[in-house]
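Written out below as structure tokens is the structure these notes cover.
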There are 2 protein chains.
Amino acid sequence: MDRLDSSLIALRRILRATELFGRELKQVAGITPVQFRALQIIDETGQTTAKEISQRMRVSQATVTSLVDKLVRDGMALREKSALDRRQTHILITQKGSQTLGETPDPLQQRFVRKFSELADWEQAMIVANLERVAAMLDADEIDASPVLQTGEIKLSSEM
Amino acid sequence: MDRLDSSLIALRRILRATELFGRELKQVAGITPVQFRALQIIDETGQTTAKEISQRMRVSQATVTSLVDKLVRDGMALREKSALDRRQTHILITQKGSQTLGETPDPLQQRFVRKFSELADWEQAMIVANLERVAAMLDADEIDASPVLQTGEIKLSSEM
DNA sequence: CCATTTGCTTCGATAATCGAAGTATTGCAA
DNA sequence: TTGCAATACTTCGATTATCGAAGCAAATGG
């Protein structure tokens, strides 16, 4: 049972770290992790809809509306009615948005990347295998495998 | 670099799972993860102060006040002025609070515990070692090693 | 005994989140 | 074709979590 405790504590530490890095992100870059995540999705998809964001972030459309409101308010994104289906609204990233995405140093990722890179090859392989194992243990069946997440989001350059 | 991506994706999956389990907890048990965490701390310490909770959860005292307000409102906790130092307020858990703690099935922990228990001995050891390693990589230096965390909290019977 | 520190609450603000209700618009079916 | 259901989104009202600043009361140290 000792091992179980240790593993849970380690998991906690990981979660806490992401949480705290989220706050740091907010301080440093003036954007919240959630907004950052939405912006990433808008950027990736080029021309997103509220529905798309809502599905990928697994939040309600109402939430997306308020999120996009904030991005628009801050000049990071734009809304544009779709010509084809006028119920839809396309959401576009602005220059400023791209710039923010590009410049924002995600402190969590940076730290992890740095430390990870310092490891020996076999160590990296082992860590990946184990992280994936744990992820598989936690991923509930009802939850599909989409690698999207809302809190303490990790910025990934080459994202699915 | 592929490994880095894999590890980041796995990390994400872990974070997302905890996030979603947090929501489940709220639905099922009617208590939010944050409140649950506060309640755990109150329970563990027997007679906590707002300051203690604030430090362990790493949130401001103002936040703790509002958190405890909710716990008190819901009959999970009580406030009691300290006789020794009358600036302090002791925060106590109520019967209902204990009951909630005891009965609440933390879905994340349950799942993890079950899966973890199924593993072979050496696998468990390896996972612990690797999780701890990752935790160490993410734990910023400024952050002390206390295994406390606020979001997607994992319930631990024999904590710390 | 006064000034400072400490512990906590109050106030006002913001973000994230939801469900329900409302507004267009599309699309299918009779 | 007309009309009703489904779809896409917003608005509204509510809740939680969170903070900083300001306030109040008690302790403590000169």
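Lettering follows sequence order; numbering is per chain, from 1.
- Atom-to-atom, CG of B:L25 to P of D:dA17 comes out at 11 Å; the value is rounded to the nearest Å.
- At C:dT14, none of the side-chain N or O atoms of A:K70 fall inside 4.0 Å of OP1 or OP2 (strictly under the cut-off).
- Counting non-hydrogen atoms under 4.0 angstrom, B:L84 reaches the backbone sugars and phosphates but no base.
- Distances shorter than 4.0 Å separate some side-chain N or O of A:T32 from OP1 or OP2 on C:dA16.
- The side chain of A:T49 has D:dC9 as its nearest neighbour among D:dC9, D:dA26, C:dA16.
- Put simply, the residue from B:K96, B:E103, B:Q95 that forms a side-chain hydrogen bond (donor to acceptor under 3.5 Å, both in side chains) with B:Q99 is B:E103.
- Among the heavy atoms of the strands lying under 4.0 Å from A:T65 is at least one base atom, whether or not backbone atoms are also near.
- Between A:R79 and D:dA8, a side-chain N or O to OP1/OP2 separation shorter than 4.0 Å is absent.
- Using a 4.5 Å cut-off on side-chain heavy atoms (C-beta onward), A:R79 and A:H90 make no contact.
- Nearest-nucleotide assignment on DNA chain C puts the 5′-proximal partner with A:Q61, out of A:Q61 and A:R86.
- Comparing C:dC18, D:dA17, C:dC8 by their closest approach to the side chain of A:A62 singles out C:dC18.
- For the pair A:T63 and C:dC18, the criterion of a side-chain N or O lying under 4.0 Å from OP1 or OP2 is met.
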